[in-house]
Structure formats: C-alpha cells, structure tokens
Amino acid sequence: MTLSSEQRVEKWVRKEIRDLSAYVVPDSSGMIKLDAMENPYSWPSELLDDWLQSMRTAELNRYPDPDALLLKGQLRHSLSVGAAHDILLGNGSDELIQMIAMAVAQPGRVIMAPEPSFVMYQMIAKFVGMEFQGVPLQSDFSLDLPAMLAAIEKYQPAVIFLAYPNNPTGNLFDDGDLQQIIKAADGLVVIDEAYFSFAQSTFMDRLADFPNMVVMRTLSKSGLAGLRLGILVGSPAWIEEFDKVRLPYNINILTQVSAAFALRHQQAFDEQAQLIRADRSKMYQALQSLDGVEVFPSQANFFLFRVESDRADEIFKSLKKKNILVKNLHKSGGLLTDCLRVTVGTEKENAAFLNALQEAL
Ligand SMILES: *Cc1c(COP(=O)(O)O)cnc(C)c1O
C-alpha cells in the first residue's frame with residue numbers, strides 16, 4: 001500500500017522541524033504598520049530618479065558579482081573596517097545567523113542567547129539541529145551576568161548571540177557585562193547591532209581586542225528592509241569559514257546596486273535616523289504619561305510596553321480594529337507577559353497610535 005504525503009512527512013521530516021511553527025508575518029495591507037521596526041520614510045524624491053538611473057546598469061541576464069566586491073569596498077569605507085578584518089554579506093542578517101550556525105553545527109552543541117531576545121537565534125539553532133539555551137534577563141531586561149557566566153561554564157556554547165540593543169526589549173546591555181561574557185566564552189560571540197543607527201553604540205572598533213567576537217549589522221532597520229542586506233565583520237579566520245557555507249550569488253544584483261547607491265547617499269539615511277530618534281523621545285514621554293502603561297526605555301526604533309494584567313490581547317485587537325498593527329508579545333510569556341511592542345513611525349503614525357492606545361486603555 002502506498003503511503004500518503006502526511007505519512008511520508010511524518011517519517012522523513014525531522015521531528016524538531018515538524019514541531020516548529022513557521023515564522024508568521026501578519027497581513028498588513030492598508031494598515032499603519034508599526035510591528036516590524038521598519039523605517040517609515042521612503043527615499044527622498046530627489047534621489048529616486050538617480051537611483052532608477054543606477055539600476056539601468058544592472059545586467060539582469062548575468063549572475064551578480066559573487067563577492068559583491070564593489071559594495072564591500074564601499075562598506076569597508078563607510079564602516080571604517082581596517083585591513084585586519086573582513087566583511088561577509090548575507091541576504092539579511094538572518095542569513096548570516098544561519099551561515100554561522102551551519103558552520104558550527106554538531107549534535108549536542110549549544111547556541112546561547114539571553115531571553116527574551118531575537119527569535120531567529122533559537123529558530124535557526126533548531127533548523128541546524130543544535131540545542132538552544134536561553135538565559136533569562138533580569139526584570140529590568142538587563143543581563144543577569146552571574147547566570148550568563150554560569151551557563152557559559154556549564155554549556156560551553158559554540159556561539160552566543162547578543163543583540164545590542166536587544167530586540168524586543170530595546171535596551172543596550174551593559175558594556176562591562178558584555179566584555180566579561182566575551183572573555184569568558186571560548187566559542188564565538190556575535191554582537192548583533194541591527195539597531196546601530198538608533199543607539200550609536202558599537203563594538204566594531206573593538207574587534208581587535210577579542211579574537212572570538214564578530215559584529216553584525218543590517219540595512220533593514222535604517223531604511224532598506226526590502227533590499228535584504230546583512231553585514232558581518234570579523235577576523236579573516238572566522239569570515240573565511242562562514243563564507244564557505246554561503247550559497248553562491250546570495251546577494252542579488254538589484255540589492256548590490258541599490259545598496260551601493262544608498263551608501264553614496266548615506267546622509268539622507270542619517271537624517272532619517274536622527275528624526276526617528278527625536279520622535280522616539282516624544283513617544284517615550286507620551287507613553288510614560290498614560291495610566292495603565294509601563295514603557296521601557298529604548299535605544300532602538302521601537303518601544304516595549306506593558307499593560308495591565310490580561311489586557312494585552314484585547315488592546316492589541318482594539319488597535320488593529322483602528323488599522324494600527326503592533327506586535328503582541330503576550331503569548332511569549334515570561335518577562336513578556338502583558339507586553340506589546342511598537343515601532344517609532346512618522347509623527348502622524350505615532351499620534352494615531354497614541355490616540356488609539358489611549359482609547360483602548
Ligand atoms: C530585525 C533584526 C534582525 C534581522 O535583520 P535582517 O537583516 O532584516 O534579516 C537581526 N537581529 C535583530 C536583533 C533584529 O531585530
């Protein structure tokens with residue numbers, strides 16, 4: 001008797017994968033989208049024509065430059081990466097996390113991160129058949145340093161991911177704590193600086209101090225989420241190995257050309273980030289003034305806030321009814337119980353959100 005698809009899946013797809021639920025991206029058409037930390041501004045109109053002009057040179061019938069040398073050269077300059085370090089590009093930093101995990105994966109080996117943090121660290125650990133160990137943050141979302149050091153000692157993680165600032169909590173971890181963690185770890189420590197434009201604190205200038213540290217950036221949160229470009233910087237020894245698991249031509253030609261163009265107009269993006277940082281301060285004060293809301297300080301382009309016990313789902317739905325999409329983290333449990341996350345949008349979007357929230361409360 002022939003087996004059904006379901007029976008074959010049951011037999012052949014790994015149990016860890018069958019047990020996962022896929023990363024859900026909710027439908028947001030027509031909504032004020034404050035759920036995914038995108039930059040709300042498109043390119044200044046005077047740049048649009050120049051950008052389209054630059055796209056004319058892209059030869060879509062050819063494979064892209066496999067090493068994206070032109071783009072890497074520009075990134076080296078704009079990120080001040082010295083000759084002692086190399087750059088690896090990913091189709092978003094998600095792909096870089098995956099490459100790192102693939103390069104170290106071995107049954108029984110551990111990937112570690114504080115908890116709560118960026119969910120892809122844990123998901124990708126499962127994809128590659130590794131074990132994930134989350135170490136709970138303290139109630140103010142700072143690192144529990146003794147617990148981190150004990151977990152490092154116990155599990156000897158192959159990789160530790162530290163989002164700086166952290167997602168979904170928005171805070172920067174203490175610099176001294178991070179240094180102690182990097183020194184205590186034998187494996188690789190990835191400092192994930194996805195929100196660098198909004199925090200302006202970095203470990204990039206300390207790569208030479210730590211042979212087991214690499215720094216990751218992305219263009220996504222600062223205005224180019226649609227391009228999918230992640231950037232990893234570290235010593236050639238690490239980068240060379242990760243590069244071996246990279247699929248050929250992972251950075252498509254439209255991304256290579258567009259990112260190179262964007263870097264030539266860095267100032268426009270810096271101005272947008274500055275505007276978002278200023279609106280962040282206003283939004284913090286507004287959220288702080290609301291009864292029934294506990295907002296946490298943020299160095300990123302979003303806020304985590306806690307509402308009264310057992311009201312998060314209802315408040316999320318009420319916002320959604322008014323066409324405002326935020327992220328409901330209540331079901332994650334733990335420190336995120338009763339918590340929602342909102343991206344800093346345009347002034348108008350922020351006002352609409354604050355109004356709707358006030359009514360929902
Ligand atoms: C959004 C985010 C990423 C993913 O960025 P992409 O480059 O879009 O894949 C990585 N790390 C953290 C902490 C993030 O919040």
Side-chain angles (χ1 to χ4, degrees), residues 21 23-40 114-119 134-144 163-174 194-195 198-199 221 275-361:
S21 28
Y23 190 87
V24 181
V25 179
D27 179 24
S28 60
S29 40
M31 300 194 79
I32 295 183
K33 196 170 181 309
L34 301 176
D35 66 325
M37 283 80 91
E38 289 141 324
N39 174 337
E115 218 166 29
S117 191
F118 186 47
V119 291
V135 180
L137 293 170
Q138 307 198 75
S139 57
D140 65 353
F141 301 124
S142 62
L143 285 166
D144 184 344
Y164 185 76
N166 190 39
N167 172 10
T169 59
N171 57 313
L172 276 174
F173 295 134
D174 179 77
Y195 299 95
F198 312 106
K221 309 295 158 65
L275 184 57
I276 291 166
R277 291 197 301 270
D279 287 339
R280 174 178 70 190
S281 307
K282 292 179 205 158
M283 200 159 165
Y284 184 67
Q285 286 184 351
L287 282 166
Q288 254 190 331
S289 73
L290 292 179
D291 276 338
V293 170
E294 182 189 6
V295 59
F296 299 96
S298 170
Q299 299 297 312
N301 63 338
F302 62 85
F303 285 103
L304 185 75
F305 61 98
R306 189 174 288 138
V307 295
E308 282 168 0
S309 185
D310 275 330
R311 296 208 52 209
D313 288 342
E314 164 202 341
I315 289 169
F316 174 78
K317 277 185 206 142
S318 162
L319 291 171
K320 204 168 168 185
K321 217 176 255 168
K322 296 193 174 101
N323 254 349
I324 294 164
L325 188 63
V326 299
K327 179 90 173 174
N328 182 3
L329 294 160
H330 175 62
K331 62 186 173 322
S332 312
L335 287 174
L336 298 177
T337 304
D338 303 314
C339 285
L340 302 164
R341 188 190 66 196
V342 62
T343 309
V344 180
T346 64
E347 204 168 10
K348 220 171 137 186
E349 290 173 333
N350 301 340
F353 158 74
L354 287 162
N355 264 331
L357 179 61
Q358 200 154 20
E359 282 168 29
L361 292 168

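As the structure is a computational prediction, the values presented were derived from the model and not from experiment.
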### Message
For the CG atom on D291, are there more than 12 heavy atoms of other groups (residues, nucleotides or ligands in this structure) within a distance under 6.0 Å?
### Response
no
### Query
What do you reckon, is NZ of K320 surrounded by more than 12 foreign heavy atoms closer than 6.0 Å?
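12 or below, so no.
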### Task
Start with the C-alpha distance between I276 and N39, add both sets of side-chain angles, then the distance that settles side chain to side chain contact (heavy atoms under 4.5 Å, CB included), and finish with yes or no.
CA-CA 8 Å; I276 291 166; N39 174 337; 4.0 Å; yes
### Query
Would L137 and L143 satisfy side chain to side chain contact (heavy atoms under 4.5 Å, CB included), going step by step from the backbone distance to the final call?
CA-CA 5 Å; L137 293 170; L143 285 166; 3.9 Å; yes
### Task
Please test L290 against F305 for side chain to side chain contact (heavy atoms under 4.5 Å, CB included), starting from the C-alpha separation and ending with a verdict.
CA-CA 11 Å; L290 292 179; F305 61 98; over 6 Å; no
Interatomic distance, [X] atom [atom1] to [Y] atom [atom2] [nearest 0.5 angstrom]:
X	Y	atom1	atom2	value
F296	L335	CZ	CG	8.5 Å
T346	L275	OG1	CG	9.0 Å
L287	Q358	CG	CD	10.5 Å
M283	L354	CE	CG	5.5 Å
S318	D313	OG	CG	12.5 Å
D144	S142	CG	OG	8.0 Å

Which heavy atom of [X] sits nearest a heavy atom of [Y], and at what distance?
X	Y	answer
I32	A352	CD1-CB, 3.9 Å
I324	M31	N-CE, 3.7 Å
P136	G134	CD-O, 3.7 Å
K33	S28	CE-OG, 3.3 Å
D279	G345	OD2-O, 4.2 Å
H330	N328	N-OD1, 3.0 Å

#### Entry: Which residues share a ring pair (Phe, Tyr, Trp, His ring centres under 6.0 Å) with Y284, sequence neighbours left out
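Y284 satisfies ring pair (Phe, Tyr, Trp, His ring centres under 6.0 Å) with F303 only.
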### Message
With a 4.5 Å cut-off on side-chain heavy atoms, are P168 and P116 touching?
### Response
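Yes - at least one pair of side-chain heavy atoms lies under 4.5 Å apart.
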### Task
Report yes or no: does N301 contribute a side-chain atom to a donor-acceptor pair with the main-chain N or O of V344 at less than 3.5 Å?
no
### Task
Taking side chain to side chain contact (heavy atoms under 4.5 Å, CB included) as the test, write out the residues that go with N171, two or more places apart.
F141, N166, T169, F173
### Lys/Arg-Asp/Glu bridge criterion (N-O < 4.0 Å) met for K317, E314
no
### Task
For residues F302 and F198, establish whether the separation of their ring centroids is below 6.0 Å.
no
### Task
Write out all pairs satisfying salt bridge (charged side-chain N to carboxylate O under 4.0 Å, His left out) with one or both partners inside residues 325-353, taking only residues at least two apart or from two chains.
K282-E347
